[in-house]
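A, B, ... follow the sequence lines: proteins, then strands. Residue 1 opens every chain. Everything numeric here is computed off the predicted structure, so don't read it as measured data.
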Number of protein chains: 2
Amino acid sequence: MNVEVSFGKVLRNLREEKNLSQEQLALLSELDRTYISLLERGKRRPTINTLIALSEALEIEPSEIIEKMVANIYNEQKN
Amino acid sequence: MNVEVSFGKVLRNLREEKNLSQEQLALLSELDRTYISLLERGKRRPTINTLIALSEALEIEPSEIIEKMVANIYNEQKN
DNA sequence: CTGTGACTCTAAGTCCGTA
DNA sequence: ATACGGACTTAGAGTCACA
C-alpha cells in the first residue's frame with residue numbers, strides 16, 4: 001500500500017470515529033470539501049501543513065496520524 | 001514559529017546528529033541537495049511522501065520527526 | 001559544503017457543478 | 001452525504017549555475 005492511500009484510509013477512519021461528515025471536517029480544517037474527498041480516496045499527497053490542519057480539526061496529534069499511516073503501510077491485511 | 005520553519009530546524013538537527021552533509025542526505029533520500037537546503041531553511045512545505053523519504057534516510061520514525069516539529073512550534077525558545 | 005535565484009513542470013488545493 | 005469532473009490558481013517538486 002502506498003503512502004497516500006494509507007493516509008486516506010486513516011483519515012476516513014478518524015473522521016468517522018468522530019462522526020463528522022466530510023463537509024464538517026472541511027469546515028473545521030478550513031479545507032475544501034472536495035479536497036477531503038480526494039485525500040480519503042488517496043488521490044492527493046497532503047503537505048505537512050495540511051496534516052497539521054487536519055489533526056487539529058480531528059483533535060489528534062499529527063504524529064499519531066503518521067503512526068497509524070505507517071502501521072497501515074506495513075500491515076497490508078488492515079483496511 | 002510556523003510549520004515549515006520548525007520542520008527545517010528539526011531536519012537540520014537530525015541530519016547533523018547523524019554527521020551527514022546535505023549532499024549525503026540528498027543521496028540517501030534520493031532528493032536534490034538544493035531541495036534539502038530549501039527544506040532546512042523553511043522555504044518548502046514537504047508532502048508526507050517527502051517526509052517518509054527523509055525519515056528513511058535518517059533512520060528515524062516519520063512520526064518522531066512530526067513530534068519534534070510540533071514540540072518546536074509550541075516551544076518558541078528552542079531553536 | 002551550503003545558500004540562492006531562476007527556472008520548468010507537476011501537484012496541491014479551490015470552486016463550480018452533476019449525479 | 002459523497003464521488004467525481006472540469007477549470008482554475010497557487011505552491012511544491014525537482015534541477016542548474018554560481019557565489
Is there a side-chain polar atom (N or O) of [X] under 4.0 Å from OP1 or OP2 of [N]?
| X | N | value |
| --- | --- | --- |
| B:Thr50 | D:dA13 | yes |
| A:Thr47 | D:dG12 | no |
| A:Arg41 | D:dC4 | yes |
| A:Ser37 | D:dT2 | no |
| A:Arg15 | D:dT2 | yes |

Closest contact, heavy atoms only, [X] versus [Y]:
| X | Y | result |
| --- | --- | --- |
| B:Ala26 | B:Asp32 | CB-C, 3.9 Å |
| A:Arg33 | A:Gln22 | O-OE1, 4.4 Å |
| B:Leu39 | B:Arg44 | CD2-CB, 3.7 Å |

A:Glu4 and its salt bridge (Lys or Arg N to Asp or Glu O under 4.0 Å) partner, picked from A:Arg45, A:Lys43, A:Lys9
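Answer to the salt bridge (Lys or Arg N to Asp or Glu O under 4.0 Å) test with A:Glu4 among A:Arg45, A:Lys43, A:Lys9: A:Arg45.
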
In whole angstrom, give the distance that lies between atom CD1 of A:Ile48 and atom C1' of C:dA12.
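Computing the A:Ile48:CD1 to C:dA12:C1' distance gives 14 Å.
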
In whole angstrom, give the distance that lies between atom CG of A:Asn2 and atom P of C:dA11.
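After rounding, the gap between these two atoms is 13 Å.
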
Provide a list of protein-nucleic acid N or O atom pairs under 3.5 angstrom, restricted to nucleotides 14-16 of chain C.
from	atom 1	to	atom 2	distance (Å)
C:dT14	OP2	A:Asp32	N	2.8
C:dC15	N4	A:Thr34	OG1	3.3

Are A:Phe7 and A:Ile73 side-chain neighbours, meaning at least one heavy-atom pair lies under 4.5 Å?
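Result no, sub-4.5 Å side-chain heavy-atom pair not found.
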
B:Asn13 side chain reached by B:Val10 side chain, heavy atoms, under 4.5 Å:
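No, their side chains stay 4.5 Å or more apart.
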
With no hydrogens and no angle check, do the side chains of A:Ser37 and A:Thr34 hold a donor and an acceptor under 3.5 Å apart?
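No pair is found: no donor N or O on one side chain lies under 3.5 Å from an acceptor on the other.
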
According to the salt bridge (charged side-chain N to carboxylate O under 4.0 Å, His left out) rule, which pairs have a member within residues 49-68 of chain A, sequence neighbours left out?
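Those involving residues 49-68 of chain A are A:Lys18-A:Glu59.
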
With the threshold set at under 4.0 Å for non-hydrogen atoms, list the residues of residues 18-29 of chain A touching DNA chain D in residue-number order.
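The answer is A:Ser21, A:Gln22, A:Glu23.
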
